[in-house]
Protein chains: 2
Amino acid sequence: MSTGHFKHDLFSQFARVAKALSNGYRLELLEFLAQGERSVDALAQVSGLTVANTSQHLQQLRQTGLVINRKAGHKVYYRLSGMDVSALLGSLREVAERHLADVDRLVDDYLKVKDSLEPIPAAQLLERVRDGLVTVLDVRPPEEYAAGHLPGAINIPLAELEKQLDALDPSQEVVAYCRGPHCVLAFDAVAKLRERGVKARRLDGGLPEWRMEGFPVESSST
Amino acid sequence: MSTGHFKHDLFSQFARVAKALSNGYRLELLEFLAQGERSVDALAQVSGLTVANTSQHLQQLRQTGLVINRKAGHKVYYRLSGMDVSALLGSLREVAERHLADVDRLVDDYLKVKDSLEPIPAAQLLERVRDGLVTVLDVRPPEEYAAGHLPGAINIPLAELEKQLDALDPSQEVVAYCRGPHCVLAFDAVAKLRERGVKARRLDGGLPEWRMEGFPVESSST
DNA sequence: CAATTATTCAAGAGATCTATTGAATTAATG
DNA sequence: CATTAATTCAATAGATCTCTTGAATAATTG
């Protein structure tokens, strides 16, 4: 009555989920999906995979329940099936960072300035926004901004930051964010702003983390 | 300067960790290791794998930093490399449970009494132990008990429960626990005790969860 | 209704994963 | 120092995964 094949069957099911996560491209797709709904070819473009290949990866994710999809016109939009998936991805990232030397090296190499740009916690940002103390800057591409962004955030993609510097109130501190803890856009933006003498910090985490903490998200209707 | 291969390389590293988790046997090994240190052949026995096979799985886990090992005599003892690994396993389980219909079915079939045996949260148990209100019962095998158990817990493996019923104070409530949320031992023990008219509940989670919440663990020296 | 667009399906080559087997290490024991 | 015990290494066959290619499906447009 107690433990026949039950345990093993159960672990095999858990393993299916892990297997779905065991490919770099699929993780990349999931991270994009953590930003919000995306069509197959948007995902193909951003990941560099062919459309057919992207579709197949997405179906693997769907079969394990990590994503769900919806048809609109002749596009199919995918999204994460729940917040717990974001949490799982975060947990995976945390373990990898803590225990894989290779990850340390990669992160050190590319984000070496990380520590010098102390991030601001989400809750603290919310307060300051309410008090009108900061300008929230979303440096992601406009499509992603449209799909969902922090309340009151203005959108200036990194490439346009120099041109649109005057859109920012120079007396206010700027808090930049992008996709998540490993998205380099916000780092670059903060570095650029500081060069120009603008007080700037980075949000601790990106939109998915913000959403996961239960804070409000705005979206523009196209 | 921003995102050359960085992102992809990083995700590939994350994927390595997920790949290590993508096999049912490895997950099973990890769950046993979540109880505490174990030798290779103890793990081989409990998982039903050959020793050579177990060793190879363990080395895969070691290469991704999920476990670490130590030599003593001519045995090698493995253990989880950190609490974050337990958290990752928990997250994986949660997602699988929530999104895979197959898991629901399995769990329903085997643990159908789950809801009727309301578990007691760890923090609450600790209070009651301090107040001397409950008897804590560890129903795992003696080796596992020796490796680490809740403070003050008495050890009666499920098979011996009927014989040793008198070791329990019938006026006190019994709280049983075993390996974790899906370990059936505690369920069975509670069911058995209730049949005998003993007030019994189950701990919410098992030893790993207890440990992860930062509560103290006792161990017997052999 | 034909042409176009977005996505999925199907099949195959090459790489990777898994379990098995037997030999090789390494430490303890008599 | 030979023997034994616990673990690891190495090689192999069979299964599974990944990418590519080209065709099939389904919704939209002219």
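Throughout, protein chains are lettered first and strands after them, A, B, ... in sequence-line order, and every chain is numbered starting at 1.
Nucleic acid contact class of A:Arg26 (heavy atoms, under 4.0 Å, all strands): sugar-phosphate only. Counting non-hydrogen atoms under 4.0 angstrom, A:Tyr77 reaches nothing in the nucleic acid. Among the heavy atoms of the strands, none lies under 4.0 Å from B:Thr54.
Nearest nucleotide to the B:Ala52 side chain, out of D:dT20, C:dT8, C:dG22: C:dG22. Set against C:dT8, C:dT26, C:dA19, the side chain of B:Gln56 has C:dA19 as its closest nucleotide. Listed candidates were D:dA27, D:dA10, D:dT21. Nearest to the side chain of A:His74 is D:dA27.
Between B:Gln60 and C:dT18 there is a side-chain N or O to OP1 or OP2 distance below 4.0 Å. Of the side-chain N and O atoms in B:Tyr25, none sit less than 4.0 angstrom from OP1 or OP2 of C:dC17. The side chain of A:Asn23 places no N or O atom within less than 4.0 Å of a non-bridging phosphate oxygen (OP1 or OP2) of D:dC17. The phosphate of D:dC19 (OP1 or OP2) has a side-chain N or O of A:His57 nearer than 4.0 angstrom. Taking side-chain N and O atoms only, A:Tyr78 has a distance below 4.0 Å to OP1 or OP2 of C:dT8.
The minimum heavy-atom distance between B:Ala18 and A:Leu92, with the atom names listed, is N-CD1, 3.9 Å. A:Gly65 and A:Ser81 get closest at one heavy-atom pair: O-OG, 2.6 Å. Here the closest non-hydrogen pair linking A:Ala20 and A:Arg26 is O-NE, 2.7 Å. The shortest heavy-atom contact between A:Glu209 and A:Gly205 is OE1-C, 3.9 Å. The two residues A:Tyr177 and A:His149 have their closest heavy-atom pair at OH-CB, 3.3 Å. Minimum interatomic distance between B:Phe11 and A:Gly24 (heavy atoms only, all atoms of both residues): CB-O, 3.6 Å.
Per the geometry, CG belonging to B:Leu61 stands 11 Å off P belonging to C:dT18, to the nearest Å. Atom CG in B:Asp41 sits roughly 15 Å away from atom C1' in C:dA28 (whole-Å rounding). For the pair A:Leu58 CG and C:dA6 P, the interatomic distance rounds to 16 Å; values are reported in whole Å. Taking atom CD of A:Gln59 as the reference point, atom C1' of D:dC19 lies 15 Å away to the nearest angstrom. Spacing between atom NZ of B:Lys71 and atom C1' of D:dA5 amounts to 13 Å, rounded to whole angstrom units. A straight line from CZ of A:Phe11 to P of C:dT18 spans 17 Å, rounded to a whole angstrom. Rounded to whole Å, atom C1' of D:dT21 lies 11 Å from atom CG of A:Asn53. Look at NZ on A:Lys75: it is 16 Å from C1' on C:dT8, rounded to the nearest Å.
Ranked by how close their nearest DNA chain C nucleotide is to the 5' end, A:Lys19 and A:Ser39 are led by A:Ser39. Positionally, the nearest nucleotide of DNA chain D for B:Arg62 lies more toward the 5' end than for the other of A:Ala72 and B:Arg62.
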